[in-house]
Protein chains: 2
Amino acid sequence: MDRETIWHLQNFNIFKAIPHDEMERLQDMVDTDWIKNRDPVYLQGEPTTWVYFLKKGLVKLSMTSAEGKTITVALLKPGEIFGELSGMDESDTSMEAIALENSYLCRIRREIFKEFVESHTGLVLSLNKILGLRIRRIQTAVRDLAFLDVPARLAKLLHSLCETDAEVKPNGHLITLRLTHQELANLIGASREIVTTVLGRFTEEGLLVQEKRRLLIKDPRQLKKYFPDQ
Amino acid sequence: MDRETIWHLQNFNIFKAIPHDEMERLQDMVDTDWIKNRDPVYLQGEPTTWVYFLKKGLVKLSMTSAEGKTITVALLKPGEIFGELSGMDESDTSMEAIALENSYLCRIRREIFKEFVESHTGLVLSLNKILGLRIRRIQTAVRDLAFLDVPARLAKLLHSLCETDAEVKPNGHLITLRLTHQELANLIGASREIVTTVLGRFTEEGLLVQEKRRLLIKDPRQLKKYFPDQ
DNA sequence: GATAATCTGTTAACCGGATTACAATTCCGG
DNA sequence: CCGGAATTGTAATCCGGTTAACAGATTATC
C-alpha cells in the first residue's frame with residue numbers, strides 16, 4: 001500500500017535487516033485490514049492465502065473441536081507474524097486466528113511472501129528461528145498438558161503473563177491483557193468453572209487480586225510453588 | 001568419515017539435491033555411532049552438540065517429568081534427522097532421544113551442520129519444511145490431548161501406525177514396531193494399565209489381535225469410529 | 001534351559017476435573 | 001442510564017482415568 005505501511009513493516013523483527021529499497025518491492029503487495037474484537041482473521045480449514053503481520057491489537061491462535069471446545073495455542077501481540085509460514089506448502093490452516101481486541105494488521109499473499117523470503121537468505125534463517133521458537137512453545141504446551149494439573153498450569157500461565165504482559169506496580173504485577181476466565185481456561189486446556197474456582201483459591205491465599213477483568217499478581221515468585229522449575 | 005558414510009548421508013531426503021562434491025566437504029566431519037536398545041542418544045538438558053541422522057533402528061523423542069512420567073513426541077525411523085535443528089541457537093535440549101532398538105546413526109557437530117546448511121539456500125528451505133511438518137505434528141498432539149479420550153487417542157495412534165509402520169497381510173495390517181504397552185501409553189499420554197485394558201476391549205471387539213508384542217489390526221477403518229475425522 | 005527381569009492382565013479404591021444447573025454480578029450498546 | 005448479553009461464582013454429581021497392588025505370562029541373559 002502506501003509508503004507508511006512499508007515503513008511499519010520494516011519494524012517487524014524479521015525485516016529489520018532488509019534494506020529499505022528492497023522492502024519497497026513489497027509496496028503494492030501489502031494489504032491492510034481491521035479486524036473487530038471477536039472476529040476471525042481466518043478459520044480452521046480455510047485455504048492459506050495470506051501471511052499476516054499484527055500491527056495493533058491482540059490475536060489468539062486456537063484450535064476448536066467438533067463439540068465446540070477451544071484450546072488456545074498462542075496470544076499474538078503487535079510485531080508478531082502469523083499465518084501458515086511453515087513449509088509454506090500446506091494447503092489448509094490447521095488453526096484459527098481470532099481477534100481478542102480490535103486489531104489492525106497487514107497481510108501479503110502467501111506466494112509473494114514465500115518468494116520474497118526465498119530470495120533473501122537472511123529471511124529464511126530468521127523464519128527458521130521463528131519456527132524453532134514456535135516448536136519449543138508447543139512442546140512446552142504438550143509437556144504441561146501431560147504432566148501438570150490445573151492449578152499448576154494456571155500458576156505457570158499467570159507467571160509467564162507477568163513476564164510478557166504486565167506493568168510493574170508498587171503492589172505487584174498488573175497483567176495488562178483483559179482475559180476472561182474462559183480465555184484463561186482455553187490457554188491451559190481446562191474448564192471455565194475450575195479456572196474460576198482456582199483463581200478464587202489463589203485470591204484467598206493472597207497471591208493475587210482480581211479487579212475489573214484484570215489480574216494483579218502480588219508476587220509472581222509465590223506462584224512458582226505450584227509448578228516445578230522448567 | 002569414510003566415503004561410504006557420505007554416500008549414505010546423501011540418501012537423506014534433505015541432502016538429495018546437494019551435489020556430491022559439495023557433500024564431500026562434510027567428509028571428515030561426520031561421525032558414526034551405535035546406540036544400544038534403551039540407551040539414550042542424548043538426554044534432556046544436555047548441551048546440543050550434535051545433529052543426528054538415523055541410518056538404522058528406531059529412536060524415540062520424548063520428555064520426562066520430575067516424577068518419572070514420560071511422553072513420547074515422535075518415533076524416528078531410518079532416514080530421519082534429529083537433534084536441535086530449530087533456530088539452532090538453543091543451548092540445551094528440551095527433550096531426550098532414546099533408542100528403542102539397537103540403532104546406527106551418524107552425527108555432525110551442530111555448528112558445522114549449521115554452517116553447511118546456511119551456505120546452501122536449498123537446505124535452509126528443506127529445513128524450514130521439516131520444521132513446519134514438526135509443528136503440525138506437535139499441534140496435533142496438543143489437540144488430541146485436549147480433545148480426545150484414551151480410546152480415541154489409542155485408536156488414532158493405531159490407525160496411523162497402520163499407515164506408517166505396517167505390513168499388509170491377508171488378515172489385516174501387522175504393525176511392525178514391537179512396542180510395549182508402556183511405550184504405547186507414552187505415545188498417547190496415558191497410563192500403561194488403561195492401555196492394556198483398552199487394547200483388551202479392542203481385541204474383544206475383534207478390531208485387532210495381539211501376538212508376541214506385535215499388533216495385527218484387522219481393518220484400520222474400523223478404528224475410525226473411535227475418533228472424529230481430522 | 002534356568003532364573004531374573006520385564007511385561008501383561010485385572011480389579012478396587014480414589015480423585016481431579018468435567019458437567020450441570022443456577023444465581024449473582026458486571027459489562028456494553030443504544 | 002437502562003436492559004439484555006456476557007461473565008463470574010458456587011455447589012452437587014458424575015465419570016474417566018490414575019493409583020496401587022498383585023498374579024501370571026513372556027522375554028532376556030547367562
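Sequence lines set the chain letters: A, B, ... in the order given, protein chains first and strands last, and positions in each chain run from 1. Only a predicted model underlies this, so the values are computations on that prediction, with no experimental measurement involved.
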For this session: Grab the CD1-C1' distance between B/Ile194 and C/dA12 for me, whole Å please.
Result: 14 Å
Problem set entry | Residue whose closest nucleotide on DNA chain C lies nearer the 5' end, A/Arg213 versus B/Thr180 | B/Thr180
For this session: Look at all strands and tell whether B/Arg153 reaches a base, only sugar-phosphate, or nothing, counting heavy atoms closer than 4.0 Å.
Result: nothing
Problem set entry | End-to-end axis angle, where each axis spans five pairs of the helix from C/dG1-D/dC30 to C/dG30-D/dC1, to 10° | 70°
Problem set entry | Residue B/Glu193, side-chain atoms from C-beta onward, closest of D/dT8, D/dA21, D/dT27 | D/dA21
Exercise. For A/Phe12, which of A/Phe82, A/Phe53, A/Phe113 qualifies under ring-ring contact (aromatic ring centres under 6.0 Å, His included)?
Worked result: A/Phe53
Exercise. Out of C/dC28, D/dT18, C/dG9, which has the shortest distance to the side chain of B/Ala190?
Worked result: D/dT18
Seminar exercise, completed: Side-chain contact check for A/Arg38: nearest option of D/dG9, D/dT7, C/dC7 is D/dT7
Exercise. Closer than 4.0 Å, any side-chain N/O of A/Arg178 to the OP1 or OP2 of C/dC28?
Worked result: yes
For this session: Ignoring hydrogens and angles, state whether a donor on the side chain of A/Thr196 or A/Arg192 is under 3.5 Å from an acceptor on the partner side chain.
Result: yes
Exercise. Can you find a side-chain donor-acceptor pair between A/Thr64 and A/Thr70 that sits under 3.5 Å?
Worked result: yes
For this session: Cation-pi check, A/Arg109 to A/Trp50: give yes when NZ or CZ is under 6.0 Å from the six-membered ring centre and within 45° of the ring axis, no otherwise.
Result: yes
Exercise. Which residue, A/Arg192 or B/Leu199, contacts DNA chain C at a nucleotide closer to its 5' end, judged by nearest heavy atom?
Worked result: B/Leu199
Problem set entry | Candidate nucleotides D/dA28, D/dT10, C/dT19, ranked by approach to the side chain of A/Thr197 - the nearest | D/dT10
Exercise. When you check the phosphate oxygens OP1 and OP2 of C/dT25, does a side-chain N or O of A/Lys212 lie under 4.0 Å from one of them?
Worked result: no
